[in-house]
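First the structure, in the form of structure tokens, and then the observations on it.
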Protein chains: 2
Amino acid sequence: MARLVPVADPADPRLADYVRLRDVNLRKSLEAEHGLFVAEGEKVIRRAVAAGHPVRSLLMARRWAGPLSDLLDGLDVPVYIVDDATMEGLVGFQVHRGALASLERLPLPQAGALVAGARRVLVLEDLVDHGNVGAIFRCAAALGVDAVVLSPRCADPLYRRSVKVSMGAVFAIPYARMDDWHGGLADLRAAGFTLLALTPDPSAVPLDKAPAGEKTALMLGSEGDGLSSRWLHEADEAVRIPMSPDATSAGVDSLNVVAAAAIACYSLVHTPRL
Amino acid sequence: MARLVPVADPADPRLADYVRLRDVNLRKSLEAEHGLFVAEGEKVIRRAVAAGHPVRSLLMARRWAGPLSDLLDGLDVPVYIVDDATMEGLVGFQVHRGALASLERLPLPQAGALVAGARRVLVLEDLVDHGNVGAIFRCAAALGVDAVVLSPRCADPLYRRSVKVSMGAVFAIPYARMDDWHGGLADLRAAGFTLLALTPDPSAVPLDKAPAGEKTALMLGSEGDGLSSRWLHEADEAVRIPMSPDATSAGVDSLNVVAAAAIACYSLVHTPRL
């Protein structure tokens, strides 16, 4: 049974897991060093626990302990109880969803092992925005993509904002991170995947005319620049989402990466293939 | 040729068009009263002007006058030049994209007239979030939807954030606002549209099996509650985006409204129909 521990000082070292949650650089090194991540909000915390992540501690205003009492009953960890001012002083903003949890990361599978049993895979190259990564995981999980492979520099799916925007989908879909960007696609090709590169290039093949394969990996590039030329070159086919000619003439001929990913995942799962 | 007018006081009445841009209630009444809206950022301002919206004034730090000089040369309006502190004091946040413009709204067409020549229409019921409305307009324009019809209470596409997130797509796709929510779908039916209601209901027809029609109107509901029961009842068919059974069992069985709209627009335009 979890222990409620009131804490008044935002600088109390017992709260160190939760410090400055919007400071991406600080969080990156802190979370790597301690192998932790932070989940925000009751629903997401429950999903993280259900996915098997050991809990280090929780942090919340006292009024949130009631709604979470069934969860807390099953945990043998401290629950730090703070007032709103202490919370804001510690994490750096007003936490509207009430509760935070610090959880342990689990070892990720190797990319090759991850995709061995998969048929439809999303590959994300160097996405920068954590919200976009979370939203793409949500689309991939909801639509039935089997796994996600990340480039070495792609934004972290377990960063607080990724987890939150994903609504916990980062716990529902297995993923791996490539060790090596340069040769990272080789594992996928070796596993029998057809590699499709999503691009706005008008000379690419429309998504629904993409070559059919038993196993398909769809590659999405970063928000600003799209896929690297190396990955575009390594793909079996460049594919595009067809844009309206009217939109092209009006200069509104692109989608944001989440909308593009949603359509790509839908097409990946629902376009009839051989 | 536009006149550069330095202003130092954020309370200067000449800057009244730009006051407190994040105060939705204030902006709603101010913009309705004066028939104006605010565009942010060079690209979006250029698209608003190109779409025929008369400019009332511009507001920017001096360093932005250079990149916009060709546009300013063709306008006979004041360009208020402020420093960053005055800008922030006036609008209520740091403006990263540099320039703002106040432009005149144009009369919207009647919904019936708007859809007379359209084949594929999106109908938005009571969306609350301006960013979502902007993102959906971007999807609709890019993918080739012909027009958008808004319910009487749907968030304003010309609110600053809608315009910004749409990347100017709100100027590229024609739209109308229904006068009457209760009977608002009658105009669409009278114009020969098949009405499809997008819903997460598992008993609905999968999107790509939706009844084909010469003219199709796809209805999207608000972020929290989806479509009203009245509109669901009035639809010819309820349609859904198929969710993965694995996702359903993991509780990650929904998409955010923008991802759903992206897939729905794509399917509306690309699913072969009779």
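Letters go in sequence order (proteins before strands), and every chain restarts at 1. All values reported here derive from a predicted model rather than from experimental measurement.
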Problem set entry | Region of B:D246 that comes under 4.5 Å of a non-hydrogen atom in chain A |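 For B:D246, neither part sits under 4.5 Å from chain A.
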
Problem set entry | chain A contact via B:I241 - side chain, backbone, both or neither, heavy atoms under 4.5 Å |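 Only the side chain of B:I241 comes within 4.5 Å of chain A.
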
Exercise. Got a salt bridge between A:K215 and A:D146, using NZ or NE/NH1/NH2 to carboxylate O under 4.0 Å?
Worked result: no

For this session: State plainly whether the residues B:R161 and B:D156 are in salt-bridge range, i.e. N to O under 4.0 Å.
Result: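 Looking at B:D156 together with B:R161, the answer is no, because their closest N to O distance does not fall below 4.0 Å.
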
Exercise. Any idea how B:F37 and B:F171 line up, ring-wise: parallel (<30°), tilted (30 to 60°), or perpendicular (>60°)?
Worked result: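 Plane angle between 30° and 60°, so tilted.
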
For this session: Check the surroundings of atom CD in A:Q110: do more than 12 heavy atoms from other residues, nucleotides or ligands lie under 6.0 Å from it?
Result: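 Counting other residues, nucleotides and ligands, CD of A:Q110 stays at 12 neighbours or fewer.
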
Problem set entry | chain A interface, residue from B:R47, B:M243, B:R138 that has the most non-hydrogen pairs under 4.5 Å |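 Of the options given, most contacts go to B:R138.
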
Problem set entry | Most contacts with chain A, counted as non-hydrogen pairs under 4.5 angstrom, among B:P242, B:A172, B:S166 | B:P242

If you count heavy-atom pairs under 4.5 Å with chain B, which of [options] comes out on top?
options                : answer
A:A142, A:A169, A:A260 : A:A142
A:N256, A:V258, A:I173 : A:N256
A:S254, A:A141, A:A51  : A:S254

Exercise. Is there a donor-acceptor contact under 3.5 Å from the side chain of B:S69 to the main chain of B:G66?
Worked result: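 Side chain of B:S69 to backbone of B:G66: a pair is present.
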
Exercise. To the nearest 0.5 Å, how far apart are CZ in B:R160 and CG in B:L158?
Worked result: 13.0 Å

